[in-house]
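Everything on this sheet refers to the single structure shown next.
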2 protein chains.
Amino acid sequence: MITERTEEYLEAIYYLYERGEAATTTSVAKELKVAPASATQMLKKLAKQGYLKYVPYRGVTLTPKGEKIGKKVLRKHRVMEKFLSNLGLPKSRVHKDACELEHHIPDDLERVIHQRFEGERLLPPGAPSNVVPLTSLLDGQKGIVSFIGGGRGASQRLTDLGLTPRTEIKVVKSALFRGPLMVSVRGTTLAIGRGIAATVFVRVK
Amino acid sequence: MITERTEEYLEAIYYLYERGEAATTTSVAKELKVAPASATQMLKKLAKQGYLKYVPYRGVTLTPKGEKIGKKVLRKHRVMEKFLSNLGLPKSRVHKDACELEHHIPDDLERVIHQRFEGERLLPPGAPSNVVPLTSLLDGQKGIVSFIGGGRGASQRLTDLGLTPRTEIKVVKSALFRGPLMVSVRGTTLAIGRGIAATVFVRVK
DNA sequence: CTTTAAATTTAGGCATGCCTAAACTTTGCC
DNA sequence: GGCAAAGTTTAGGCATGCCTAAATTTAAAG
Ligand SMILES: [Fe+2]
Ligand SMILES: [Fe+2]
Ligand SMILES: [Fe+2]
Ligand SMILES: [Fe+2]
């Protein structure tokens, strides 16, 4: 059985990775507010369990197995944060509560909550319900560009990138709530900012 | 700190109490699928902690402190069960997942979720069970208007909007917990407030 | 080579919590 | 008073997991 603390470590390591920071013993320890010695011990254990590769004095790298968990937990954390803050929970509690719930929310429940709370205010009235902002797609999902909701400037930039209606688009990597999205269009992969991505509405397949 | 297992015991004892059954060592043990000896030990501990009154050979009674917790946990359990099953979780998992979440959902979150799904208890007795308030529908779901539960004013306004019995209606977007619903009726999309939507009962397809 | 920061090892601490079988005691009923 | 059922006591098991200070080692930079 995977413990809550293990999830917490993997989440933190994935978070460092996502920001391009090295996952050293100290950086992990700082992230989790524990002493370096504690992190060393824990990282060795996680390596033995196959969640990451640990090289003494060199830091760690997540294995596919560990990355999958870290990524999932972080995603749940963010989904729950948004959920809670949308419900009007005091800001001071949003993070903490999300950090507890992230370990207890089943995958499918997370998915449903996510779908309902991302971009819901952006949808133009009357749009068919399977048309959603690009930012709502999860990694790996595909869609067809339906229309561009933004103004002229945004439209121009997106046209330049080849993001025009009826184009098929696939989300390669979405940080879910912040940071750019990596999308694949017409065989090429490109990164676009969240702000502009939110103006692209796609029909989900 | 109150443990999960403690909550489980208090929940079970409150559940017995609610049904008018005596909370004896054996009945509690049976409820939780443990040996009587385990229950004895645990009940003594809970008594020492002030959650209940324990009289050897006579069973237990919840103190106000214990009753408050047992009642709350059971309520959370039920709210979560309803929530999960409304979201389409497989029946086999609804109970188990609810029994985990009940220990991790903050009070205010439970309250909000409850409000969203309590509408179903407004159902007039004898109504077929697939008739639910409009507010219970999820995005994209369709239904046939069955009847209007509100008073004259509400009825008039809804009639004006074309929301009359036997009309087909589709929920385009429901904010799930607050804000108006977007519905599609006879080919047009319109927004209606939550309050009035709760008086519209529809037969789900 | 020296210095410093990062990392590791060591040795220990702490916090428990819940469960069971088997033998024994009590209660309640006849 | 005898008996069965309910409840209790006893004695033990099991499953750990994570954290830290201080001393030591290693790596990297100059
Ligand atoms: Fe967490
Ligand atoms: Fe978290
Ligand atoms: Fe539970
Ligand atoms: Fe429960």
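Sequence lines set the chain letters: A, B, ... in the order given, protein chains first and strands last, and positions in each chain run from 1.
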Please list, for nucleotides 18-20 of chain D, all pairs of protein and nucleotide N/O atoms separated by less than 3.5 Å.
{"residue": "D:dC18", "atom": "OP1", "partner": "A:Thr3", "partner atom": "OG1", "Å": "2.8"}
{"residue": "D:dC18", "atom": "OP2", "partner": "A:Lys45", "partner atom": "NZ", "Å": "2.6"}
{"residue": "D:dC19", "atom": "OP1", "partner": "A:Arg5", "partner atom": "NE", "Å": "3.0"}
{"residue": "D:dC19", "atom": "OP1", "partner": "A:Arg5", "partner atom": "NH2", "Å": "2.9"}
{"residue": "D:dC19", "atom": "OP2", "partner": "A:Tyr9", "partner atom": "OH", "Å": "3.2"}
{"residue": "D:dC19", "atom": "N4", "partner": "A:Gln41", "partner atom": "OE1", "Å": "2.9"}
{"residue": "D:dC19", "atom": "N4", "partner": "A:Gln41", "partner atom": "NE2", "Å": "3.1"}
{"residue": "D:dT20", "atom": "OP2", "partner": "A:Ala35", "partner atom": "N", "Å": "2.8"}
{"residue": "D:dT20", "atom": "OP2", "partner": "A:Ser38", "partner atom": "OG", "Å": "2.6"}

statement: When rounded to whole Å, the NZ to P distance for the pair B:Lys30 and D:dA6 reads 7 Å

query: For A:Thr25, which contact category applies under a 4.0 Å heavy-atom criterion: base, sugar-phosphate, or nothing?
result: sugar-phosphate

Short heteroatom pairs, N/O only, protein and nucleotides 1-5 of chain C, under 3.5 Å:
none

message: So, using ring-ring contact (aromatic ring centres under 6.0 Å, His included) as the criterion, who are the partners of B:Tyr54 when residues are at least two apart?
response: none

Tabulated below should be each protein N or O lying under 3.5 Å from an N or O of nucleotides 27-30 of chain C; please produce it.
{"residue": "C:dT27", "atom": "O3'", "partner": "B:Arg58", "partner atom": "NH2", "Å": "2.4"}
{"residue": "C:dG28", "atom": "OP1", "partner": "B:Arg58", "partner atom": "NH2", "Å": "2.0"}
{"residue": "C:dG28", "atom": "OP2", "partner": "B:Arg58", "partner atom": "NH2", "Å": "3.3"}

query: Considering residues at least two apart in sequence or located in another chain, which fulfil the ring-ring contact (aromatic ring centres under 6.0 Å, His included) criterion with B:His104?
result: A:His104

All side chain to side chain donor-acceptor pair (under 3.5 Å) counterparts of A:Gln49, not counting sequence neighbours: none

task: For the pair B:Thr25 and B:Val60, evaluate side-chain contact (heavy atoms from CB on, under 4.5 Å) and give the outcome as yes or no after the intermediate values.
output: CA-CA 8 Å; B:Thr25 299; B:Val60 294; over 6 Å; no

side-chain contact (heavy atoms from CB on, under 4.5 Å) involving A:Lys96 - partner list, sequence neighbours excluded: none

Residue pairs fulfilling side-chain hydrogen bond (donor to acceptor under 3.5 Å, both in side chains) with at least one residue in residues 29-46 of chain B, sequence neighbours excluded: B:Arg19-B:Glu31

message: Taking side-chain contact (heavy atoms from CB on, under 4.5 Å) as the definition, give me every residue that meets it alongside A:Thr167, ordered by chain and number, with sequence neighbours left out.
response: A:Val145, A:Thr164, A:Val185, A:Arg186

field: Any residue meeting side chain to side chain donor-acceptor pair (under 3.5 Å) with B:Thr3, in chain and number order, not counting sequence neighbours
entry: B:Thr6

message: Taking ring-ring contact (aromatic ring centres under 6.0 Å, His included) as the definition, give me every residue that meets it alongside B:Tyr15, ordered by chain and number, with sequence neighbours left out.
response: none

- request: Please collect all salt bridge (Lys or Arg N to Asp or Glu O under 4.0 Å) contacts where either partner lies in residues 57-73 of chain B, sequence neighbours excluded, each pair once.
  value: B:Lys72-B:Asp107

